Amino acid sequence: MDTHDSTFPLIISVDDHTVEPASVWQDRLPGKYREVGPRIVRAPVKEMTFLGGRFKPVMGQPGDDGPVGDWWVYEDLRRPLTRLDTAVGYDRDEIRLEVITYEQMRPGSYDVPARLADMDVNHVQSALCFPTFPRFCGQTFTEAKDRDLGLLCVRAYNDWMVEEWCGPDAHGRLIPLPIVPLWDAGLAAAEVRRNAARGVRAVAFSEIPPFLGLPSIHTDGWDPFLEACDETGTVVAMHIGSSSRMPSTSADAPPAVGSTITYANCCFSMVDWLMSGKFEQFPNLRVMYAEGQIGWIPYILERADVVWEENRGWGGVADKVHRPPSELFAEHVHGCFFDDAFGLRNLDSIGVGNVLYETDYPHSDSTWPKSREVGEAQMGHLEAEVVERIVRGNAIELLGLTAEGLWPGGGGGAR
């Protein structure tokens, strides 16, 4: 790997993304499902808006006029690939909400050797990647009508993730992140255990499940899933937008409003977890918030402690939260950032062991190919051992990587 002659540690990014190749489900579903399972259709866009935190694309018919892109087709869903899915390599002012084809993507978005090459350019050793078509926690399959097919699609994605995306060609540098069938906590638990048996240590989950029509974590509805995570040491990874709703203020608010306050769902979610009693019920449980940044955390911990201390009697938590929320945070919660100088200046109020670094490749917010330079600029005031923990050490411990920072199940001996 190219280290750029830098003393800055090789980065382990805990939030990158894969754009699934068109063949993922076509190659893995039983024959009878291939014509109805997820597949790519090249077609024009008829209409596409992104307002009030809602993305609304409308696919035209092949041959119609209009910009042409590749669309995932699955049941009633028509989901285009867009420039926002894979924006690295483009000037910021060229990044617009537009449909694209695979040929118009940077190959590192979907191709393992090309991804590793782009990681080298960016001083990145290893990366945990969230999905694109299944969405950030697999809710695409949860919303589908055919649950039998949905379960097959979840398992097919996870098999591709573990065996190919993070397989031998990745040399241990890509870290698997499976999804689960969110509609059934028992099936979700079984999928956690199936993947844990092959060395997987993380699973994608929704930041705010009720936004998906699912139970909140204040119920016992998720307990089988959480018990499986607790028993196997599987980290619950929640990405901004994994509730299918980005923060916004009004139906006509431009995307810039939501982009500024993307942390808000993480903030709401973290308070849910801290006040749920789940960290005491499942003492080995760990959660992480991808792309939520960290600068907002100190105040929320301060406020949560005050509420717990002064208002827990009438606040509905006295019988299940027996310790200050800030203590629970320190043991169970991890914030992830790619650009947060303010948060790093307040690191003592967050906790060195609770912060992870990321690059968000290949999204429009990504710091690629300058993630090392951004890190050096924002962490220059920190001691070397602190930088080491933030940039890679905490991720190694949390995700069960080798001492060299590689996923042991992916042929990590090669470099």
Side-chain angles (χ1 to χ4, degrees), residues 1 11-29 37-40 70 72 79 81 85-86 88 102 105-122 124-138 140-141 152-180 191-192 194-205 234-235 237 239 242 290 358-363 366 368 395 399-402 405-415:
M1 288 185 60
I11 297 165
I12 297 178
S13 174
V14 295
D15 171 32
D16 286 358
H17 299 266
T18 178
V19 177
E20 299 81 16
S23 61
V24 169
W25 289 276
Q26 292 298 296
D27 285 353
R28 288 166 182 79
L29 290 176
R39 58 206 182 276
I40 287 289
D70 284 334
W72 281 106
R79 198 281 193 195
L81 298 175
D85 291 324
T86 172
V88 291
Y102 277 94
M105 291 185 197
R106 191 172 183 87
S109 303
Y110 57 85
D111 178 75
V112 170
R115 171 61 64 94
L116 299 184
D118 278 354
M119 289 163 62
D120 287 345
V121 168
N122 201 30
V124 173
Q125 179 183 26
S126 305
L128 181 80
C129 296
F130 283 82
T132 297
F133 170 68
R135 310 220 297 284
F136 294 147
C137 66
T140 293
F141 302 122
L152 291 172
C153 287
V154 166
R155 290 173 174 166
Y157 175 84
N158 292 341
D159 289 345
W160 169 80
M161 166 65 64
V162 173
E163 297 166 8
E164 291 198 32
W165 184 253
C166 302
D169 289 347
H171 307 302
R173 296 178 61 190
L174 294 172
I175 306 162
L177 180 66
I179 56 178
V180 293
E191 192 62 14
V192 166
R194 184 175 82 94
N195 289 296
R198 45 186 177 178
V200 176
R201 285 283 301 275
V203 64
F205 190 65
T234 298
V235 181
H239 194 284
S242 56
E358 58 183 50
T359 78
D360 197 31
Y361 180 104
H363 283 184
S366 178
W368 186 93
L399 298 172
L401 307 181
T402 67
L406 304 173
W407 180 53
R415 293 293 295 275

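Source: prediction; values computed, not measured.
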task = Run the numbers on Tyr102 and Val19 for side-chain contact (heavy atoms from CB on, under 4.5 Å), then give the verdict.
result = CA-CA 9 Å; Tyr102 277 94; Val19 177; 4.3 Å; yes

Say you draw a straight line from [atom1] of [X] to [atom2] of [Y]; how long is it, rounded to the nearest 0.5 Å?
{"X": "Gln125", "Y": "Leu116", "atom1": "CD", "atom2": "CG", "result": "11.0 Å"}
{"X": "Thr359", "Y": "Trp368", "atom1": "OG1", "atom2": "CH2", "result": "10.5 Å"}
{"X": "Arg155", "Y": "Asn195", "atom1": "CZ", "atom2": "CG", "result": "10.0 Å"}
{"X": "Leu128", "Y": "Leu401", "atom1": "CG", "atom2": "CG", "result": "9.0 Å"}
{"X": "Ile12", "Y": "Glu358", "atom1": "CD1", "atom2": "CD", "result": "13.5 Å"}

Please report the shortest heavy-atom distance between [X] and [Y], naming the atom on each side.
{"X": "Phe136", "Y": "Ser242", "answer": "CB-CB, 3.9 Å"}
{"X": "Pro176", "Y": "Val200", "answer": "CG-CG2, 3.8 Å"}
{"X": "Gly172", "Y": "Ser126", "answer": "O-OG, 4.2 Å"}
{"X": "Cys166", "Y": "Ile175", "answer": "SG-C, 3.5 Å"}
{"X": "Ala237", "Y": "Phe130", "answer": "CB-CZ, 3.9 Å"}
{"X": "Ala202", "Y": "Pro178", "answer": "O-CD, 2.9 Å"}

inquiry  = Could you walk me through whether Arg39 and Leu29 satisfy the side-chain contact (heavy atoms from CB on, under 4.5 Å) test, starting with their C-alpha distance in whole Å, then the side-chain angles of each, then the deciding distance to 0.1 Å, before giving a yes or no?
reply    = CA-CA 11 Å; Arg39 58 206 182 276; Leu29 290 176; over 6 Å; no

Is any side-chain heavy atom of [X] closer than 4.5 Å to a side-chain heavy atom of [Y]?
{"X": "Trp160", "Y": "Pro21", "answer": "yes"}
{"X": "Phe141", "Y": "Ile179", "answer": "yes"}
{"X": "Arg198", "Y": "Asp159", "answer": "yes"}
{"X": "Asp15", "Y": "His363", "answer": "no"}
{"X": "Cys129", "Y": "His17", "answer": "no"}
{"X": "Thr18", "Y": "Met161", "answer": "yes"}
{"X": "Glu20", "Y": "Pro131", "answer": "yes"}

Using only atom types and a distance under 3.5 Å, with no angle test, would you say the side chain of [X] pairs donor to acceptor with the backbone of [Y]?
{"X": "Asp16", "Y": "Asp360", "value": "yes"}
{"X": "Trp25", "Y": "Cys153", "value": "yes"}
{"X": "Asp70", "Y": "Ile40", "value": "no"}

inquiry  = Here's a test for you: under side-chain contact (heavy atoms from CB on, under 4.5 Å), which of Leu399, Thr402, Val162 qualifies with Trp407?
reply    =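 Option passing the side-chain contact (heavy atoms from CB on, under 4.5 Å) with Trp407: Val162.
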
Distance-only donor-acceptor check, side chains Asp118 and Tyr361, under 3.5 Å =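 Distance-only check passes for Asp118 and Tyr361.
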
task = For Glu164 and Asp27, run side-chain contact (heavy atoms from CB on, under 4.5 Å): C-alpha distance rounded to whole Å, both residues' side-chain angles, the deciding distance at 0.1 Å, then the answer.
result = CA-CA 12 Å; Glu164 291 198 32; Asp27 285 353; 5.7 Å; no

ask   = Can you name the side-chain contact (heavy atoms from CB on, under 4.5 Å) partners of Arg201, sequence neighbours left out?
value = none

key: Partner residues of Asp85 under the side-chain contact (heavy atoms from CB on, under 4.5 Å) criterion, sequence neighbours left out   =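 By the side-chain contact (heavy atoms from CB on, under 4.5 Å) rule, Asp85 matches Arg79, Leu81, Thr82, Thr132.
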
inquiry  = Using the rule given for side chain to side chain donor-acceptor pair (under 3.5 Å), can you reason through Arg135 versus Thr140, listing the C-alpha separation, both sets of side-chain angles and the distance that settles it, and then say yes or no?
reply    = CA-CA 6 Å; Arg135 310 220 297 284; Thr140 293; 3.1 Å; yes

inquiry  = Regarding Arg115 and Asp169, does a basic nitrogen lie under 4.0 Å from an acidic carboxylate oxygen?
reply    =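 Asp169 and Arg115: not salt-bridged.
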
